[in-house]
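Every chain is numbered from 1, with letters handed out A, B, ... down the list of sequences.
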Number of protein chains: 2
Amino acid sequence: MAARDYGEYGGVTRALELVGERWALLIVRDLLIGPRRYGELAAGLPRIPSNILAARLKELQAAGVIRRAPRSRVIVYELTPYGRELEPVVLAFGAWGFKAMGEPRDEQIITPDSMTMDLRAAFRASVAASLPATAYGARVGGVELLVRVNGAALQVTRGDGPVDLAFSAGPGIHRLISGELSPDRAIASGAVELLRGRGELLGRFASTFHLAA
Amino acid sequence: MAARDYGEYGGVTRALELVGERWALLIVRDLLIGPRRYGELAAGLPRIPSNILAARLKELQAAGVIRRAPRSRVIVYELTPYGRELEPVVLAFGAWGFKAMGEPRDEQIITPDSMTMDLRAAFRASVAASLPATAYGARVGGVELLVRVNGAALQVTRGDGPVDLAFSAGPGIHRLISGELSPDRAIASGAVELLRGRGELLGRFASTFHLAA
DNA sequence: CCGCATCCCATGTGATACTG
DNA sequence: CAGTATCACATGGGATGCGG
């Protein structure tokens, strides 16, 4: 049960003993969005074997990172306060990895939670603070998210609602956020398709969410 | 050679594919201190098997995180610019794990590089900025480091030199940095032993390096 | 059906030995 | 010193089972 250790006494080593096992940090990532049921976690981690998911959940509990909580008759997993302190780590990790994302391979999918965390990682609060509040409807690879930016605050939720701009994109949206593709050319090339609302707001979106390689 | 993937297209997933394998982030941690030779890496990662070290070095090169560089007849490994961008990740990871460090187990050792990174993670630049420049000689678990604080700048090197305060400590130093033990009580309890210089500077050290649980 | 537990096999890991 | 080779073993992956 005790995670394999590294024989070293140090901060990074300790962190890796707690959340360094395969899949562990992805479970944490999804729980940073909100509490999740076992099945929801399994769905968000497309290819995790069920025995591994069960094992990780136990280990993360033993490590004090997550806990089981009964929510109105069903059991959900949620982060402990200490687990929530992993948010800067996951965001930094996500921002770093984002820059190395090329084109997706065929079997690679996008999940609502992974996309939410990518948007959080790319969010530039200081830029958004000086822009008008805006709601975007973003549809990427079968995932539809409602993205509300209000000053320096960002809220990403599933489902939809009233938006100022709705657009649909392939994974090429990654190149819009990286600055590799300008908003105009993203539309012209078909990488982003405008669905509803004011199309010029795509520029504002690209300013708000940006992670240069 | 290609790291096992997670079947998902996202920033965190991509990052884990690149540096998520066992030992990989520890290699990066040591290389963040400076270029290292193969043998130095092996010495800093006490129990890594040589075949694993060799495999990780190849994978990290293929991932564009590190590179081999010829330095005056010997080969050293160093981070690429992209690899160096992992510094915030490693620091955040180290700060998080530091808070979960209990007492060391018997077989756990402290290496110069791990201790250097822990000090960097615990360094509070904003606090140090308003304190006089100070040089500490810190000896912990057989590792001796020269710690120079100059305004908001921190420099940690091996070996020794002129210092304002030299002290020796067991791993209990961790409790000084966490605030669990006051400087006075650290000395009184023997957790920290003053060697040279002005003992009252230990309080300044504890203010400069702090990571509360 | 959800939340796991079991089984089996492929692969990665770890200790040791070995080579240029 | 800087790796490579080998082999036993632990872990991960995928399918399946099963109780509440």
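Listed by residue number, the members of residues 32-50 of chain B with any heavy atom below 4.0 angstrom from DNA chain C are B/Arg47, B/Pro49, B/Ser50.
One can place CG of A/Leu53 at 16 Å from P of C/dT6, the figure rounded to the nearest angstrom. Here the P atom of nucleotide C/dG3 and the CZ atom of A/Arg73 are 15 Å apart, to the nearest Å. Across the protein-nucleic acid pair, B/Lys58 atom NZ and C/dT13 atom C1' stand 16 Å apart, rounded to whole Å. The CD1 atom of A/Ile52 sits 17 Å away from the P atom of C/dA10 (whole-angstrom rounding). We find that OH of A/Tyr6 is positioned 11 Å from C1' of C/dT13, with the value rounded to whole Å. At whole-Å resolution of the value, CZ in A/Arg22 and P in C/dT11 are 13 Å apart. The nearest whole Å value for the distance from the CD atom in A/Glu21 to the C1' atom in C/dG12 is 12 Å.
Checked against side chain to side chain donor-acceptor pair (under 3.5 Å), A/Thr111 has the following partners two or more places apart in sequence or in another chain: A/Ser114. In this structure B/Leu195 satisfies the side chain to side chain contact (heavy atoms under 4.5 Å, CB included) test together with B/Ala166, B/Ser168, B/Glu193, sequence neighbours excluded.
Think of the region where chain B sits on DNA chain D: with heavy atoms and a 4.0 Å cut, that region ends 5' and 3' at D/dC1 to D/dG12.
Electrostatic pairing of A/Asp160 and A/Arg139 does not count as a salt bridge here, judged by no charged N lying under 4.0 Å from a carboxylate O. B/Arg14 and B/Asp5 are not joined by a salt bridge, as no carboxylate oxygen comes within less than 4.0 angstrom of a charged side-chain nitrogen.
In DNA chain C, runs of at least 3 stacked Watson-Crick or G-U pairs (N1-N3 plus N6-O4 or O6-N4, or N1-O2 plus O6-N3, all under 3.5 Å) give these stems: C:1-19 with D:2-20.
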Taking only distance into account, with no hydrogens and no angle test, what donor-acceptor pairs under 3.5 Å do side-chain atoms of residues 76-89 of chain A form with protein atoms, sequence neighbours excluded?
| unit_1 | atom_1 | unit_2 | atom_2 | d |
| --- | --- | --- | --- | --- |
| A/Glu78 | OE1 | A/Arg71 | NH2 | 3.0 |
| A/Glu78 | OE2 | A/Arg67 | NE | 2.9 |
| A/Thr80 | OG1 | A/Gly64 | O | 2.6 |
| A/Thr80 | OG1 | A/Val65 | O | 3.1 |
| A/Thr80 | OG1 | A/Tyr82 | N | 3.4 |
| A/Thr80 | OG1 | A/Gly83 | N | 3.0 |
| A/Tyr82 | OH | B/Trp96 | O | 2.5 |
| A/Arg84 | NH2 | A/Leu79 | O | 3.2 |
| A/Glu85 | OE1 | B/Lys99 | NZ | 2.8 |

* Asked: A/Phe123 and A/His210: ring-ring contact (aromatic ring centres under 6.0 Å, His included), yes or no, with the steps?
  -> CA-CA 7 Å; A/Phe123 181 61; A/His210 183 74; over 10 Å; no
